[in-house]
Structure formats: structure tokens, C-alpha cells
Protein chains: 2
Amino acid sequence: MPEGGDAITSHARTAVVVNRVCIMLQEITHNKLNLAVPSQDMRFKRRLLLVLIVVIVVIWLTSLGRRGTIDLPEALSPELEITALKQNLAKLSSECRSSRPSRFDPDLPVIYAITPTYARPVQKAELTRLSHTLMLVPNLHWIIIEDAEDPSPLVANLLKNSGIRYTHLTAATPKEWKLKEKESNWKKPRGVLQRNTALQWIRNNLKVDVHRGVIYFADDDNSYSLEVFDEMRDTQMVSVWPVGLAGGLMVEMPVLDPKTGRVKGWNSAWQPQRPFPLDMAGFAINVSHFLKHPEAKFSFNVARGYQESEILRHLTTPDQLEPKADNCTKVYVWHTRTEAPKLQSEKDLNKKGLKSNAGMEV
Amino acid sequence: MPEGGDAITSHARTAVVVNRVCIMLQEITHNKLNLAVPSQDMRFKRRLLLVLIVVIVVIWLTSLGRRGTIDLPEALSPELEITALKQNLAKLSSECRSSRPSRFDPDLPVIYAITPTYARPVQKAELTRLSHTLMLVPNLHWIIIEDAEDPSPLVANLLKNSGIRYTHLTAATPKEWKLKEKESNWKKPRGVLQRNTALQWIRNNLKVDVHRGVIYFADDDNSYSLEVFDEMRDTQMVSVWPVGLAGGLMVEMPVLDPKTGRVKGWNSAWQPQRPFPLDMAGFAINVSHFLKHPEAKFSFNVARGYQESEILRHLTTPDQLEPKADNCTKVYVWHTRTEAPKLQSEKDLNKKGLKSNAGMEV
């Protein structure tokens with residue numbers, strides 16, 4: 001930076017330039033007001049001004065281009081580092097918003113993905129990879145319901161950081177319906193209260209024939225292709241499709257009548273006598289259709305494996321079902337289960353009053 | 001928009017305003033040049049100009065504020081503020097990335113993610129959800145090596161449809177090194193030949209000081225946050241970080257010297273005497289550094305749990321390791337395992353010469 005006398009000269013020079021530009025602008029605008037034919041001199045000044053504007057725009061655009069690279073200098077004072085980081089944040093933030101295609105397309109129906117979840121060692125891992133799938137789905141509204149009295153920071157932060165549109169709810173399962181330790185996970189119905197809480201939120205917040213969309217029950221341990229979301233999006237009442245690795249089979253699925261293309265049966269091996277012998281991941285419900293049937297919900301008082309049939313019996317009949325996934329010839333979702341990790345060393349530590357993850361969110 | 005006569009009036013009004021501001025600027029700059037004592041009128045005009053500039057700046061700042069809400073904690077120490085800002089940057093950068101899947105930026109080092117895989121019921125489910133994570137990571141080159149004689153259509157199509165830059169290799173494990181049915185999965189080293197095949201591809205196709213990037217071993221059953229990729233990208237030699245749910249602990253990780261910030265030990269409970277007692281998901285290697293050490297690879301001839309130490313002993317020493325993930329205080333990757341699905345009904349079908357998934361890829 002120029003100092004002392006140099007500074008004055010520099011200021012004076014800037015002032016001269018500003019002054020000249022102003023005279024030009026003044027003359028041009030006067031000329032415009034008077035609507036006179038521009039003189040030769042005037043045309044030259046106009047061109048000069050145009051060149052000046054172009055130069056300024058080019059300098060500005062060049063500076064915009066540089067905003068993408070984020071290089072942090074090393075060994076800065078905390079104050080300088082904070083300033084640099086803040087600048088980077090602001091840059092990235094505007095870059096990000098400007099480049100992001102709108103996730104919400106008003107022409108597409110919204111998918112309301114309902115995910116019941118509960119605290120366990122693999123919870124964050126599972127929700128993280130599910131969030132990556134959902135981040136790639138346009139017009140998705142994620143409704144997460146924790147089996148807890150209060151929302152956890154783990155789930156709250158994960159949702160906030162995902163960039164996905166979401167609703168974070170809680171519904172603690174009553175003690176008498178909770179699984180005891182080492183009790184097989186099919187002994188008691190799971191997620192009933194949580195899914196019903198999400199359905200009630202939909203009844204309270206969405207309106208028939210106003211909110212176009214579908215409801216899908218997306219458990220946090222299953223694996224989903226992106227195609228399954230494309231397929232379900234135009235569901236008119238209730239749609240169905242094959243589910244991989246479900247019910248003891250490589251694929252459990254509706255069987256179609258080759259003439260009518262409608263569901264004529266099921267290939268299920270497990271409890272095939274159920275009215276709707278399918279998996280929770282194998283169907284979607286149109287929002288308006290759901291709202292017109294206030295009795296449709298899950299129940300603690302049905303036999304094992306009958307939750308899907310319980311809600312669907314209020315909404316459809318087997319012959320009304322809409323087959324998706326290329327007429328039920330493709331597997332676009334898998335009923336996967338994640339192992340509970342073996343944490344023997346952690347338990348040994350805990351006995352000594354220690355934790356491997358003290359102060360860390362895993 | 002005003003039309004016809006209105007348009008002219010509007011233009012004329014704009015011209016008048018520009019003209020007046022110019023007269024003011026001109027007077028002010030003239031005044032500056034002449035270094036005269038400013039008149040009352042001049043001072044008023046200067047103030048007016050100042051107010052104008054302030055208003056413009058306020059409007060601009062307000063518009064910046066609207067571009068995105070980034071919640072920063074209040075009244076933090078500089079260190080905490082730096083951490084918070086860094087988190088926001090990482091968050092935003094991954095958020096930013098999510099809107100542009102699979103893009104290649106010439107300024108960013110490439111992450112070569114090496115994934116050994118083998119045919120099994122959950123293979124497509126696992127590769128599908130891993131592909132969704134990798135689709136959200138910029139500058140990623142996915143090297144998949146099938147434990148098979150020939151590439152399978154399942155993996156080939158999945159790679160092709162993902163939009164991720166990839167290399168598809170095969171390397172069939174010799175019969176004597178294959179796990180027998182029901183043999184515990186730790187009885188024989190797994191993925192040795194496949195990972196070495198990928199490393200050889202890197203040696204054959206990349207050049208020291210030409211290809212900027214890092215090598216990461218991304219097994220197909222683990223769970224990865226997007227942050228872990230951001231963290232590893234600037235690895236100079238070998239970087240390390242915590243891994244959740246590994247080695248019988250909630251988190252297995254390097255322990256840092258609080259003064260030097262270097263790795264001084266490990267919290268591992270399982271075989272802590274290993275030179276590098278860490279998980280395959282817990283480190284990354286700089287490509288140029290790797291290429292300079294042709295002896296670095298995996299081996300069938302080391303004890304269980306020593307594969308990581310086997311490759312790393314050629315590349316680094318514990319005190320040279322670069323700690324990542326906020327000085328090893330964050331868990332950005334989890335050693336998850338997917339249950340082998342129970343397929344009893346499928347086996348019953350097979351005995352009758354039937355398949356639930358005849359002609360379908362699951």
C-alpha cells in the first residue's frame with residue numbers, strides 16, 4: 001500500500017478518474033434528457049464508458065471464478081483464521097445455493113418417507129447411509145420418528161446436515177410393548193406407535209387434493225435403489241412391487257395375471273394366508289387417498305406379520321393394487337438387516353468405568 | 001413493466017437520479033482536489049451520499065443473510081469458533097457436492113476407492129447403498145475387484161448406471177485360500193488378492209507427481225459419512241482417523257499427543273501389539289507416495305489382523321501418520337456388517353427345482 005505522499009497522489013488520481021467518469025455520465029444523461037442527436041465527442045465518451053463498464057464486469061466475474069477454490073493459509077493467528085474461514089463459508093454458501101438445482105419441483109408429487117428409529121450402536125451408521133440415498137431423491141420429505149421421550153441431538157444434527165426436507169418427531173413405545181433384552185425382535189410389533197405418529201402428522205398437516213404425494217415406510221436398515229422412488233411417485237391409490245431378501249425368499253412379490261396385468265396372487269412362503277402377504281418396504285400409498293380413510297393405521301392388536309394387512313385393508317383390495325417395478329419383474333428394494341456389532345471389549349471397559357467413545361458421537 | 005410513454009418517463013427519471021448523483025460526486029471530488037473547506041451544501045451532499053452507500057451495503061448484507069442459514073454458536077472461544085466454522089464448511093461443502101453428483105474438478109485430488117466384492121445374496125443391496133454415498137463424493141474413482149474369473153453383469157451394470165468414474169477388475173481367490181462353507185470369516189485372509197490387483201492397476205496406470213490423489217480401501221459393507229472423504233483428500237503420505245464399531249469397541253482410534261498433535265498410541269483392545277492396530281477403513285495413502293514404494297502390498301502370509309500393518313510398514317511409521325477427523329475426535333466411518341439373510345424357504349423351493357427369483361437380478 002502506498003504511504004504518506006504516495007497515498008495522497010493515489011487518492012488524488014482516483015478522484016480525478018471518478019470526476020472524469022462523472023462528467024461523462026452527466027453529459028450523457030443530460031444528452032439523454034434533451035433527446036439531442038449525440039455529437040462525435042459524445043459518441044466517443046459513450047464508447048469509453050462502455051469499455052470501462054466491460055472492464056469492471058470482467059474484473060468482477062474473474063473474482064467470482066476464484067471463489068470456488070478454498071485454500072486456507074497455514075499457521076494463522078486464530079483471528080485471521082476465523083476471518084478466512086468466515087469468508088470461505090460465505091463464498092461456498094453462495095456458490096452452493098446458486099449451483100443447487102431446486103430439490104423441490106412443484107410438478108412432481110412429494111414422497112413422504114416414514115422412518116421409525118431407535119438408539120443403538122449402529123443407528124448413526126444406518127441413518128447416514130440411508131440419508132445419502134434420500135439426498136439423491138427429488139421432492140422427498142423425510143419423517144423420522146424416534147422411539148424416545150425427547151428428540152436426540154444425534155438424529156437432530158443428522159437431519160439438519162443432510163439438506164433433506166424433514167420432520168423430526170418422537171413417540172416412546174409404552175413399557176409393556178418394548179422388547180426385553182435378548183427377546184427375539186419378532187416377539188412384539190415394532191414401530192407401530194412411531195409409524196402411527198407419522199401418519200397422524202400427515203393427517204394434521206396435509207390436505208386432500210391439495211398435497212400431491214405418496215407415503216412410503218422406509219425403515220432405516222433396508223437398502224433402496226433410486227428407482228424405487230421413481231416408481232412409487234405416481235401411485236394413485238396403493239402401489240406394490242417385489243422386495244428382495246424378504247420372508248425367507250430371495251424375492252417376495254406380487255404375482256400378476258398376464259392378461260389383465262393386475263395382482264392375482266403372491267409368491268410368499270411365509271404366512272401366505274395373510275390378506276396382503278407383503279413387506280413394509282413393498283408398497284406406497286397416495287396421500288389424498290390416505291387422507292380420505294381416517295381409519296387407516298397400524299395396531300398393537302394384530303398377529304405377527306399382519307401390520308401391512310392391517311393398514312391396507314382400509315385402503316384397497318388386492319385386485320385394485322397398482323403393480324410397479326416393470327410389472328413386478330425388477331427388485332428395487334432389499335430387506336437387509338445390519339448385525340448388532342460385537343462389543344465385548346467395550347463391555348469390559350465399561351466394567352472399569354471407562355468408555356472408548358467418551359465425549360464422541362458414534 | 002411500464003410500456004410506451006411510461007417507459008420513457010421511467011428511463012428519464014433514472015437518468016435524472018444518475019445525473020444528480022454524478023453532480024454530487026463531481027462536486028465532492030472537485031472539492032477534494034482543490035482541498036477547499038467544504039461548504040454547508042457540500043457537507044449535506046456528502047452525508048446524503050454516505051447514507052446512500054450505507055443503505056446499499058445494508059441491503060447487500062441482508063440479501064447475503066437470506067442465501068442460507070448457517071447456525072453458528074454464540075460467544076465461543078477462538079478455538080471453538082474455528083472448529084465450528086470448519087464443521088460448517090465441511091457440512092456446506094458436502095451439501096454443495098450433493099447437488100452435483102459425480103463431478104470432476106481438476107483442482108481436487110482424486111480419491112481411488114478400492115472395493116473388493118464377491119457374489120452373495122446381499123451383494124447388490126450393499127453395492128447399491130455404497131454407490132449412493134460415492135455418487136455424492138466429487139473426484140472419486142471407484143475400483144471394484146470381483147472375486148470371480150469374469151466380471152458379472154450385476155456389478156458391470158451397477159457401475160455403468162451409477163455415473164461414477166470406475167474401473168472394473170476381477171481376481172479369483174485361489175481355491176486353497178477360499179473360505180469353506182460355515183468356516184468363520186476370519187479363518188482366512190479376505191480380499192488380499194483383490195486389493196493387490198487394484199494396487200497393481202494403480203501402479204500400471206498412474207504416475208508419480210502427475211496423478212494427485214489418495215488410495216482408500218472402502219469395503220462394501222461398511223458405512224461412510226461424506227466427511228471422511230473430505231478429510232482424507234489432502235493426505236500427504238498416510239492419514240488415519242477413528243473407526244466406529246471396530247475391534248470390539250464403540251470406536252477404535254489413534255491416540256494423539258496433546259502437545260505435538262501426532263499419533264502417540266492407539267486405544268485398540270484387540271491385538272494392540274500390532275505395529276498399526278487399526279481397521280482397513282481407518283487410513284488413506286497418498287498416490288505418489290504409494291508409487292514410490294513398490295514393495296507396499298497385502299500378503300497371504302501374515303497373521304490374522306496384520307494386513308493393515310503389512311502394507312503400512314512399507315509406507316510410514318506411527319509418528320509420521322497424519323491425524324484427520326478433527327484431530328481424531330470425530331467418527332466419520334463405521335465398520336458395519338450386514339446379516340446373511342435367512343433363506344430357508346428359498347432352499348425349500350430349490351429342492352423342488354424352483355427359485356423365487358427365476359430370471360430376476362436381486
Side-chain angles (χ1 to χ4, degrees), chain A residues 12 15 18-19 22-23 25-26 29-30 32-33 69 78 81-82 85-86 88-90 92-94 96-97 99-101 121-122 125 128-129 132-133 135-136 161 163 223 225 244-245 247-251 267 269-270 329 331 334 336-339 341-346 356-357 360-362, chain B residues 12 15 18-19 22-23 25-26 29-30 32-33 64 67-68 70 78 81-82 85-86 88-89 91-93 95-96 98-100 107 121-122 125 128-129 132-133 135-136 223 225 244-245 247-251 267 269-270 329 331 334 336-339 341-346 356-357 360 362:
Chain A
V18 170
N19 184 254
C22 278
I23 293 171
L25 267 173
Q26 205 188 337
T29 47
H30 258 306
K32 182 163 190 141
L33 285 178
T69 46
E81 194 168 356
I82 288 171
L85 282 165
K86 280 185 176 168
N88 278 334
L89 255 177
L92 195 57
S93 154
S94 59
C96 195
R97 317 259 149 191
S99 70
R100 179 192 286 264
V122 299
T128 298
R129 56 185 171 188
H132 295 165
T133 299
M135 281 161 78
L136 295 165
N161 296 341
S223 305
S225 71
L245 314 175
L249 296 172
M250 279 298 287
V251 59
N267 78 339
W270 187 76
T329 61
V331 178
W334 300 264
T336 40
R337 290 278 160 261
T338 302
E339 275 181 15
K342 297 176 187 86
L343 296 171
Q344 195 50 54
S345 302
E346 189 68 37
S356 72
N357 59 321
M360 291 172 90
E361 187 181 88
V362 179
Chain B
V18 170
N19 186 255
C22 278
I23 293 170
L25 267 172
Q26 204 189 342
T29 46
H30 258 305
K32 181 162 190 144
L33 285 177
L64 272 185
R67 281 185 198 170
I70 298 149
E81 191 166 359
I82 287 171
L85 283 164
K86 279 185 176 168
N88 277 331
L89 256 177
K91 211 191 293 175
L92 197 58
S93 86
E95 198 187 353
C96 209
S98 71
S99 61
R100 285 169 290 178
D107 292 334
V122 299
T128 298
R129 56 184 170 186
H132 294 165
T133 299
M135 281 162 78
L136 295 166
S223 305
S225 71
L245 315 175
L249 295 173
M250 280 298 287
V251 60
N267 79 339
W270 186 77
T329 61
V331 177
W334 300 264
T336 40
R337 290 277 159 263
T338 302
E339 274 181 15
K342 297 176 187 84
L343 297 171
Q344 195 50 55
S345 302
E346 190 69 37
S356 72
N357 58 323
M360 291 172 90
V362 180

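Residue numbering restarts at 1 for every chain, and letters A, B, ... go by the order of the sequence lines.
Listed by chain and number, the residues in a side-chain hydrogen bond (donor to acceptor under 3.5 Å, both in side chains) with A:Glu339 amount to none (sequence neighbours excluded). Take B:Ser345 and apply the side-chain hydrogen bond (donor to acceptor under 3.5 Å, both in side chains) test, not counting sequence neighbours, and it matches no residue.
In this structure, the portion of B:Asn267 lying under 4.5 Å from any heavy atom of chain A is its side chain and not its backbone. Of the atoms belonging to B:Thr329, it is backbone heavy atoms, and not side-chain ones, that fall under 4.5 Å from chain A.
Remark: the B:Thr336 side chain and the B:Ser223 side chain contain an N/O donor-acceptor pair separated by less than 3.5 Å.
Across A:Ala125, A:Ser225, A:Gly247, A:Gly244, the residue that shares the most heavy-atom pairs under 4.5 angstrom with chain B is A:Ala125.
Here B:Leu249 contributes atom CG and A:Gln344 contributes atom CD; the two are 11.0 Å apart, rounded to the nearest 0.5 Å.
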